[in-house]
Amino acid sequence: METLSLLGHGFSVAVSPLNLLLLVSGCFAGTLIGAMPGLGPVNGVAILIPLTFAFGFDPTSSLILLSAVYYGCMYGGRISSILLNIPGDEPAVMTTLDGYPMAQKGQASDALAISGVASFIGATLATIGLTLFAPLLARAAIHFGPADYFALYCMAFATIGGIAGVDPRKTLLSALIGLMIATIGLDPGTGIPRYTFNSFELYDGVDAIVALVGLFAISEILILLEKRLVQANDGLRVRFRMPRWSVIRHTLPASGRASVIGFLAGILPGAGASLGSVMSYTIEKQISNARNTFGKGDPRGVAAPESGNNAASGGALIPMLSLGVPGSGTTAVMLAMLITLNVQPGPLLFEKQPDLVWGLVASLYMANFTLLILNIPMIGIFIRILTVPTWALLPVVVAISFVGVYSISNSHFDLYLMIGFGLLGYVFRKLDITLVPMVLGLLLGIDMENNLRRALSISGGDYSILVASPIAVTLYALTALFLAVSVWLSLRDRRRQADPAHQGGALD
Amino acid sequence: MGVAIFVIAALYLWQARGFQANFGDILGPSVFPTMIGLIALVLSASLVIAPSGSVSWPEPRRIARQAAALAVMGLYVLFLGQLGFPIATFGLIAALAVLMGGPVPQSLAVGAALSLGLFVLFDRLLGLPLDLLGSWFG
């Protein structure tokens with residue numbers, strides 16, 4: 001009941017004219033960004049963050065805008081997966097498997113409607129889950145002491161890279177490099193400058209937003225320049241009509257199952273939307289593939305990954321809001337924005353800023369209805385926008401990134417730094433080092449050191465306090481277990497590499 | 001790759017030893033950097049000994065294109081103050097568009113339209129002061 005009244009209050013925050021406007025434009029922009037190949041939720045949200053600063057919105061409105069974009073990307077990713085067989089973003093990869101065959105059979109409009117409804121189901125169920133579970137987790141997390149937080153951060157770094165596919169050593173190194181960058185600047189405990197090389201620009205440390213925009217937006221340009229530039233506009237002449245209800249009804253059980261799986265995958269740190277959609281598709285295939293129709297245009301194979309990735313994106317917001325530890329790349333980027341606006345997510349956020357938390361939750365419900373309308377009756381707009389060629393689009397994205405970063409600090413140094421991070425991001429991506437752990441290290445580094453410092457002040461310098469509480473011990477045990485499993489999986493993968501049948505790799 | 005990170009981690013550690021504070025903080029400024037530096041050192045060493053994965057770097061022509069894009073961005077920052085926002089951004093968008101395979105006339109048109117559009121959007125509508133002409137023309 002308490003939750004319901006808080007949610008009611010949240011709706012009163014969310015329906016202010018400014019927030020409604022941001023919600024609708026965020027949904028529109030998100031669908032667009034998701035639909036365009038090469039731009040996904042992480043880059044989309046990273047590019048928009050400087051803009052929210054330029055507008056000078058308060059934290060609640062900024063978060064509503066970015067979450068609408070985030071949800072919108074998850075809807076939009078399916079459009080080019082189905083029509084062009086090019087996933088609009090990472091989590092939409094699985095949607096190509098059955099979505100494109102459906103389009104080839106002339107059922108593109110059915111596939112778009114089914115996946116739109118599936119996205120709605122996944123995202124709505126996940127938002128309900130968020131409403132119920134985030135406050136519970138926040139209440140439990142009140143009991144965390146500094147040593148427990150230190151353990152929690154260790155676990156976040158160990159798990160954010162995901163379980164399978166990547167070499168766990170590279171993921172850890174990526175996180176450590178992020179932590180190293182975070183120690184640049186004046187040490188908050190003692191005021192000693194560290195790693196500043198006597199440059200005053202570095203005394204404040206490296207701004208996370210500058211790093212993020214460089215890592216995700218600038219490196220994307222370099223990745224695109226490396227590929228052969230193809231422009232695929234065939235298959236875009238789709239007349240959209242509403243499909244029969246019976247077609248959609250048939251896929252509802254698949255959407256329901258996939259939502260639960262995706263939601264759970266989203267809450268787990270490091271799993272994120274890609275894993276959510278992969279798991280939902282694989283499990284749905286095992287349940288429903290009796291007549292061997294999957295991969296040949298089975299509507300349930302379109303519904304399952306779409307529900308899965310949308311549910312996962314809702315789930316990923318839970319650890320970000322209630323623990324301050326993001327569960328995916330995009331929520332890490334959102335955390336960066338909140339920290340820059342002086343909002344520290346975590347258990348206290350629910351008590352201190354109910355407007356922000358519940359305004360966000362309420363606007364997520366509204367975003368879902370908005371997106372359903374944008375993505376089914378109005379889908380024609382987005383299909384037309386997909387014909388804009390990449391060469392015209394990406395340079396503008398770069399220009400906006402420059403203006404946005406410049407508007408935060410008015411510093412040319414930050415712009416050079418952003419280009420540098422772009423190059424670093426590109427090299428790391430080529431080396432199969434995921435960038436998300438690095439971002440997380442950059443964001444949480446100072447807080448991690450502060451918690452260590454606090455824990456040691458409590459114990460008077462005795463390091464055994466780090467393993468004194470049962471919460472911390474449990475977290476370390478889980479971290480060790482996770483690392484053991486991922487090392488085992490990567491060793492197994494390496495043994496399988498000789499066997500081409502098992503190639504496929506990770507999608508996150 | 002592993003070697004590069006190893007060297008960076010070693011330098012980082014070496015620097016960390018130099019941080020000293022003479023007053024009452026129990027952790028001090030160098031413990032945390034030493035911790036992460038040590039782990040990074042061990043992990044990068046293991047990547048040197050047992051590397052994983054293989055990298056396929058792009059062919060030289062594409063690397064040249066990437067380097068050109070980076071140079072365009074660097075020059076943009078360098079001359080932003082002298083040229084003013086609209087002209088510099090026109091150059092940035094048009095040059096990147098050409099590098100990405102856009103036809104030259106259309107790229108120039110897109111650059112002209114959008115640099116002015118962005119200027120109006122940010123400077124006039126959002127109240128973010130941008131340089132119109134720069135020090136060379138203004």
Side-chain angles (χ1 to χ4, degrees), chain A residues 51 54-56 166-167 169-170 172-173 176-177 179-180 183 187 189-192 194-195 218 221-222 224-227 229 231 389-392 394-396 398-400 402-403 406-407 412 415-416 418-419 422-423 426-427 430-433 441 445 448-449 452-453 456-457 460-461 490 494, chain B residues 1 5 8-9 12 15-16 19-21 23 25-29 31-33 36-37 39-40 43-44 46-47 52-53 55-58 62-63 65-66 69-70 73-74 76-78 80-81 85 89 92-102 106-107 110-111 114-115 118 122 126 128 130:
Chain A
L51 291 189
F55 280 105
V166 225
D167 185 337
R169 291 175 303 174
K170 290 184 176 175
L172 280 175
L173 266 180
L176 287 165
I177 292 169
L179 287 172
M180 288 181 180
T183 57
D187 171 28
T190 56
I192 305 264
R194 296 190 289 192
Y195 306 106
I218 306 292
I221 286 279
L222 296 176
L224 279 173
L225 280 170
E226 166 193 324
K227 294 179 187 150
L229 305 156
Q231 199 60 52
T390 322
W391 61 260
L394 264 291
V396 181
V398 173
I400 294 176
F402 274 106
V403 183
Y406 191 66
S407 73
H412 285 223
L415 294 180
Y416 287 123
M418 178 178 93
I419 300 175
L423 183 60
Y426 169 75
V427 173
K430 289 300 287 179
L431 293 168
D432 266 342
I433 301 179
M448 188 173 182
E449 186 175 8
L452 178 65
R453 183 168 275 142
L456 290 181
S457 315
S490 81
R494 197 177 298 178
Chain B
M1 193 279 289
I5 299 180
I8 291 169
Y12 182 89
Q15 278 263 318
F19 301 133
Q20 273 180 0
F23 48 92
D25 179 68
I26 206 130
L27 184 66
V31 174
F32 187 70
I36 55 181
I39 306 175
L43 282 173
S44 52
S46 90
L47 274 182
S52 73
V55 194
S56 57
W57 295 104
R62 301 210 195 280
I63 290 186
R65 216 164 54 176
Q66 292 167 324
L70 285 174
M73 290 187 260
Y76 174 72
V77 182
L78 194 61
L80 186 60
F85 179 81
T89 307
L92 176 76
I93 296 180
L96 286 181
V98 171
L99 280 172
M100 297 196 69
Q106 280 97 316
S107 299
V110 168
L114 284 163
S115 59
L118 287 178
F122 283 100
L126 301 182
L128 193 85
L130 292 171

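We name chains A, B, ... by the order of the sequence lines, and we start the count at 1 in each one.
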Part of [X] lying under 4.5 Å from any heavy atom of chain A:
X: B:I63; result: neither
X: B:V77; result: both
X: B:L114; result: side chain
X: B:L118; result: side chain

Pair count under 4.5 Å, heavy atoms only, with chain A: among B:G111, B:A94, B:A40, highest is B:A40
Heavy-atom pairs under 4.5 Å with chain A - which of B:L92, B:T89, B:L80 has more of them than the others? B:L92
[X] (side chain) donor-acceptor with [Y] (main chain) under 3.5 angstrom:
X: A:R169; Y: B:S44; answer: no
X: A:H412; Y: B:L78; answer: no
X: A:E449; Y: B:F32; answer: no

Could you measure the distance from the [atom1] atom of [X] to the [atom2] atom of [Y]? Nearest 0.5 Å is fine.
X: B:L43; Y: A:L173; atom1: CG; atom2: CG; answer: 4.5 Å
X: A:E226; Y: B:R65; atom1: CD; atom2: CZ; answer: 9.5 Å
X: B:Y76; Y: A:I419; atom1: OH; atom2: CD1; answer: 10.0 Å
X: B:R62; Y: A:L224; atom1: CZ; atom2: CG; answer: 12.0 Å
X: B:M100; Y: A:L225; atom1: CE; atom2: CG; answer: 5.0 Å
X: A:W391; Y: B:Q106; atom1: CH2; atom2: CD; answer: 5.0 Å

For B:I39 and A:L172, what are the C-alpha separation, side-chain angles and deciding distance, and is it a side-chain contact (heavy atoms from CB on, under 4.5 Å)? CA-CA 9 Å; B:I39 306 175; A:L172 280 175; over 6 Å; no
Could you tell me which of A:V427, A:V403, A:V398 has the largest number of non-hydrogen atom pairs under 4.5 Å with chain B?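 Highest number of pairs under 4.5 Å: A:V403.
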For chain B, which candidate among A:M418, A:M180, A:M448 shows the most heavy-atom pairs at distances under 4.5 Å?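 Among A:M418, A:M180, A:M448, the one with the most close pairs to chain B is A:M180.
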With only heavy atoms counted, which part of A:I221 is less than 4.5 Å from chain B, the side chain, the backbone, both or neither? side chain
Ignoring hydrogens, what is the shortest heavy-atom contact between B:A97 and A:P395? Give both atom names and the distance.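 Closest approach of B:A97 to A:P395, heavy atoms only: N-CG, 3.6 Å.
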Does the side-chain contact (heavy atoms from CB on, under 4.5 Å) test come out yes or no for A:T183 and B:I36, once each step is laid out? CA-CA 10 Å; A:T183 57; B:I36 55 181; 4.3 Å; yes
Are side-chain heavy atoms of B:V31 and A:L456 found at a separation under 4.5 Å? no
